[in-house]
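Quick note: numbers below take in every heavy atom, side chains included, and nothing from hydrogens, waters or symmetry partners.
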Amino acid sequence: MRWSRYFWHTSKEDPADAEAPSHRLLLKGGFIKQVSAGVYELTPPGVRVLRKVEQVVRKEMDRSGAQEVLLTVLNPGELWKETGRWDLYGRELFTLKDRNGREYCLGPTHEEEITDLVRSYVSSYRQLPLLLYQIQVKFRDEKRPRFGLIRGREFIMKDAYSFDQDELSALLSYENMKFAYERIFKKLRISTLMVEASVGAIGGVSSHEFVTLTPYGEARVAHCPNCGYAGNAEVVKLPRAQEREEEPKPLTEVETPGTDTIEKLSSFLGVSADRIVKAVLYLVEGTEPVMFLIRGDRTVDESKVEAVLKTENFRLAEDREVWELLRTRKGFIGPFNLPPSVKLYWDNSTYGLKNVVIAFNRPDYHYINANPGRDYQQERFVDVCQVEEGDPCPKCGAPLKIDRGLELGHIFLLGTRYSEPMKALYRDPEGRERPIFMGCYGIGISRCISAVVEQYHDEKGIKWPTPVAPFELDLICVNPTDPQQKEVADRLYLLAQQTGIETIYDDRDESPGFKFADADLCGFPYRLVVGKKVKEGKVELQDRHRGERTDLDIDTALEHLKTLIEKDKS
RNA sequence: CGGGGUGUAGCUCAGGUGGCAGAGCGUUGGCUUUGGGAGCCAAAGGUCGCAGGUUCAAGUCCUGCCACCCCGACCA
């Protein structure tokens with residue numbers, strides 16, 4: 001490709017609206033162009049990268065026995081009503097009507113459609129197992145799109161679905177996908193962690209996320225440097241604390257005016273936060289009050305609350321509701337003299353505490369030296385505590401590390417969540433009708449492009465790994481008005497194409513510095529500079545990853561380069 | 001959905017107290033230059049986010065709306 005004729009436009013200025021390195025560099029490097037919030041166009045070089053990522057994924061999916069389909073973007077509303085998700089999915093669903101008033105949505109994921117497809121052809125155990133996938137654009141009306149391709153409202157995803165007779169067989173499909181995913185991320189050169197993930201309200205059997213560690217991720221990932229365990233922070237179990245050895249002191253009421261936060265209370269009384277018991281009041285379905293007691297230095301993880309309450313329909317009580325229910329204010333809520341309607345849960349962190357500070361629903365007062373058994377009864381211990389750095393690993397007990405992670409892949413054993421309501425049934429060998437056991441497996445393709453850039457860049461630009469680079473080689477002619485340089489560069493360009501090296505030939509009438517800067521920004525793994533040294537029969541090879549420059553003989557340069565590229569791709 | 005910020009040339013931005021719409025980069029034409037985003041000369045390029053209001057006069061002040069970015073909440 002001759003750059004002078006190629007639709008590729010980089011920018012000298014940093015884009016104003018981009019924070020994350022991947023967002024900034026993809027915009028500046030002219031790979032993507034924003035259309036609206038979370039909606040991006042890909043330019044020709046952007047598409048080249050996308051296709052390469054897709055090809056890696058496609059190859060590994062095919063290898064693991066999956067068959068490619070192409071489902072539709074436009075999904076009829078009826079299918080979504082069959083599973084109840086038309087309403088459950090909420091405002092994240094882009095919906096529209098056709099001229100006759102029929103309802104559709106733009107597919108945010110395709111369980112309904114794939115289940116509909118499979119149920120119309122599969123009716124016997126002889127047709128199972130089955131593994132189908134597609135690479136398709138998805139639409140989600142995200143509350144907050146951000147960081148370029150990292151979280152878009154329109155994005156490309158690979159989604160696969162497995163169909164099995166029973167859970168055991170489905171587990172094999174699941175393991176098969178797990179291995180495929182490990183191969184895929186290895187080939188994309190993205191380092192990922194496989195973490196245990198939430199099975200969510202649907203009640204799946206097993207779920208894992210493949211995350212890459214970056215500050216621009218949305219997930220908190222807990223991982224153990226000692227044993228290698230990794231989990232999404234919201235699923236990492238925290239056990240009960242050690243019982244403290246202390247003599248109980250007499251219970252005392254103390255006036256604590258205006259101490260409506262743990263910090264204020266802690267400094268007012270001169271008591272550390274881990275000796276305070278904090279009460280948090282939630283309303284389930286907007287009406288049922290539920291109180292969680294947790295140690296003062298910890299915070300409630302609402303994903304864990306969701307798991308305890310088995311619903312996502314809950315929220316913190318408002319000031320007015322706290323007053324109406326308990327005749328107190330926030331900061332002075334406690335587990336004493338509660339109306340019978342209030343359900344009480346104790347977080348594991350409150351186990352074994354002695355001589356604690358705790359509120360008793362009287363504004364501006366706290367108890368000090370309260371003790372379990374004597375002053376309050378603890379029943380119903382649960383784990384709703386947000387995991388923090390240093391908490392014990394659930395596998396080996398060593399201190400955990402916490403980092404932010406970007407979810408690139410998610411594999412999920414669904415069970416019969418879709419097959420049952422949608423009547424995707426098959427007959428087993430005994431002739432009984434049974435629901436198909438399903439799994440689903442996603443990879444955010446667009447997001448992977450960002451993840452690669454996050455992992456491979458410097459202050460000058462992107463450093464594409466060869467397997468996903470838009471071009472493997474950037475051929476630069478320093479001075480095209482020098483006939484000898486031009487002749488050598490033209491010849492090398494033709495030869496590179498014959499050798500099967502994906503080459504962009506920077507034949508633009510620009511200054512050398514301009515071309516070098518673009519080369520750094522656009523991130524080609526290799527650059528061949530045709531300049532002054534042609535007089536000595538040499539061209540210069542520059543390696544973007546290692547930063548090395550080597551002079552090569554004109555005649556053997558491409559052979560040498562071909563070897564390097566093949567090595568990178570293997 | 002709550003909080004904060006921004007909106008002026010293709011891009012990055014400047015335009016106290018209201019008074020002729022600006023710069024750098026990019027673009028076009030010309031000359032020079034050729035190993036790290038070149039130099040000189042000339043030119044084109046604007047619904048100052050949109051609508052309304054105050055005023056002799058609004059990019060600037062007021063009201064409403066919209067878009068985009070960031071933080072939080074949310075997140076198969």
Side-chain angles (χ1 to χ4, degrees), chain A residues 9-20 23-24 27-28 30 33-39 85 88-92 108-111 138 140-148 150-153 157 159-161 197-204 206-210 216-220 232 234 302-303 306 312-316 318 406-414 417-418 438-444 447 460-461 476-482 485-486 506 508-522 527 529-534 538-540 542 549 551:
Chain A
H9 306 279
T10 60
S11 161
K12 188 176 169 180
E13 301 283 349
D14 273 338
D17 284 339
E19 175 117 336
H23 188 195
R24 181 168 51 82
L27 279 172
K28 192 177 178 187
K33 161 89 167 63
Q34 182 168 21
V35 174
S36 72
V39 181
R85 287 212 296 180
L88 282 176
Y89 213 90
R91 298 213 293 149
E92 221 140 280
T109 173
H110 283 82
E111 283 79 7
K138 307 280 180 193
R140 292 181 191 174
D141 196 356
E142 295 281 351
K143 285 171 198 146
R144 184 144 107 81
R146 54 172 154 179
F147 302 141
I150 285 180
R151 176 182 295 220
R153 294 192 299 168
M157 187 169 160
D159 47 325
Y161 305 89
S198 162
V199 290
I202 326 172
S206 182
S207 175
H208 287 88
E209 290 168 351
F210 290 76
Y216 298 97
E218 72 276 82
R220 291 178 78 238
N232 189 312
E234 65 195 39
E302 294 195 349
S303 302
E306 185 180 325
E312 54 182 15
N313 189 357
F314 62 87
R315 58 172 172 81
L316 279 171
E318 290 165 14
L406 180 61
E407 182 185 335
L408 297 177
H410 198 158
I411 60 177
F412 206 111
L413 214 48
L414 287 172
R417 166 66 179 86
Y418 298 92
M438 290 172 59
C440 72
Y441 316 90
I443 289 181
R447 184 177 269 198
K460 287 178 178 168
I476 294 181
C477 183
V478 173
N479 182 4
T481 58
D482 176 332
Q485 286 187 24
K486 177 135 195 327
D506 197 344
R508 293 175 297 177
D509 186 18
E510 296 286 354
S511 71
F514 184 95
K515 296 185 207 179
F516 290 144
D518 257 0
D520 290 331
L521 174 62
C522 298
R527 181 186 327 172
V529 182
V530 181
K532 282 182 215 158
K533 285 175 255 181
V534 286
K538 301 278 189 189
V539 288
E540 184 179 279
Q542 300 187 9
R549 300 174 179 197
D551 286 341

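- Using a 4.0 Å heavy-atom distance criterion, D14(A) is classed as a sugar-phosphate-only contact.
- The closest side-chain heavy-atom distance from L408(A) to R447(A) is below 4.5 Å.
- For the pairing with V529(A), the side chain to side chain contact (heavy atoms under 4.5 Å, CB included) check across K533(A), R527(A), K532(A) returns one residue only, R527(A).
- When all heavy atoms of G38(A) and Q34(A) are compared, the pair lying nearest together is N-NE2, 4.2 Å.
- Residue side chain R140(A) does not reach the base of C75(B) through any donor-acceptor N/O pair under 3.5 Å, judged by distance alone.
- At the heavy-atom level, Y89(A) lies nowhere under 4.0 Å from the strands shown.
- The strand RNA chain B forms stems, runs of 3 or more Watson-Crick or G-U wobble pairs with distances below 3.5 Å, at B:1-7 with B:66-72, B:10-13 with B:22-25, B:27-32 with B:38-43, B:49-53 with B:61-65.
- Distance NZ (K143(A)) to P (G72(B)): 15 Å, rounded to an integer number of Å.
- Using a 4.0 Å cut-off, no side-chain N or O of R144(A) falls inside it from OP1 or OP2 of A73(B).
- Looking at heavy-atom distances under 4.0 Å, E302(A) makes contact with sugar-phosphate atoms alone, never a base.
- The salt bridge (Lys or Arg N to Asp or Glu O under 4.0 Å) test applied to E302(A) returns no partner, not counting sequence neighbours.
- Minimum atom distance to the side chain of R146(A) is reached by C74(B), of the listed C11(B), A76(B), C74(B).
- Taking atom CZ on R315(A) and atom C1' on G2(B), their separation rounds to 15 Å, with Å as the unit.
- The residue among L521(A) and E407(A) whose nearest nucleotide of RNA chain B lies closer to the 5′ end is L521(A).
- The distance between atom CG of L316(A) and atom P of G72(B), rounded to the nearest whole Å, is 17 Å.
- For C1(B), one of the phosphate oxygens OP1 or OP2 lies less than 4.0 angstrom from a side-chain nitrogen or oxygen of R91(A).
- Each of A517(A) and A16(A) lies near RNA chain B, and the nucleotide nearest A16(A) is the one positioned closer to the 5' end.
- Contact of the H23(A) side chain with the Y216(A) side chain is not registered, since no non-hydrogen atoms from C-beta on lie closer than 4.5 Å.
- A salt bridge does not link R417(A) to E111(A): none of the charged side-chain nitrogens sits closer than 4.0 Å to a carboxylate oxygen.
- Using a 4.0 Å cut-off, no side-chain N or O of R151(A) falls inside it from OP1 or OP2 of C74(B).
- Separating the P atom of C1(B) from that of G39(B) is a span of 49 Å, rounded to the nearest Å.
- A distance of about 12 Å separates the P atoms of A14(B) and A9(B), rounded to the whole Å.
- Rounded to whole angstrom, the span from the CZ atom of F314(A) across to the P atom of A73(B) amounts to 13 Å.
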Query raised in the report: Using a cut-off of 4.0 Å between protein heavy atoms and nucleotide atoms, how would you tag nucleotides 30-35 of chain B 5' to 3' with B, S and -?
Result: ----BB

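- A salt bridge does not link K12(A) to E510(A): none of the charged nitrogens lies less than 4.0 Å from a carboxylate oxygen.
- Spacing between atom CD of E19(A) and atom C1' of G72(B) amounts to 15 Å, rounded to whole angstrom units.
- Whole-Å rounding puts the N232(A) CG to C75(B) P distance at 12 Å.
- When side chains are defined from C-beta on, P15(A) counts as touching R24(A), because their heavy atoms get closer than 4.5 Å.
- Taking the P atoms as reference points, G19(B) lies 11 Å from C61(B), given to the whole Å.
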**Report entry** side-chain contact (heavy atoms from CB on, under 4.5 Å) evaluation trace for K28(A) with E13(A)
**Finding:** CA-CA 7 Å; K28(A) 192 177 178 187; E13(A) 301 283 349; over 6 Å; no

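- In this structure, the side chains of L27(A) and S11(A) stay at 4.5 Å or more apart for every pair of heavy atoms.
- C25(B) and A44(B) have their C1' atoms separated by 16 Å, given to the nearest Å.
- Looking at D506(A), V539(A), D518(A), V530(A) one by one, the single match for side chain to side chain contact (heavy atoms under 4.5 Å, CB included) with I476(A) turns out to be D506(A).
- Comparing A21(B) with G29(B), their P atoms are spaced 30 Å from each other, to the whole Å.
- A straight line from CD1 of I476(A) to P of G37(B) spans 13 Å, rounded to a whole angstrom.
- Comparing C48(B) with G7(B), their C1' atoms are spaced 10 Å from each other, to the whole Å.
- Considering only side-chain N and O atoms, Q34(A) lies under 4.0 angstrom from the phosphate OP1 or OP2 of C69(B).
- Here, G16(B) and C74(B) have their P atoms 43 Å apart, quoted to the whole Å.
- What separates CD of E13(A) from P of C25(B) is a distance of 10 Å, to the nearest Å.
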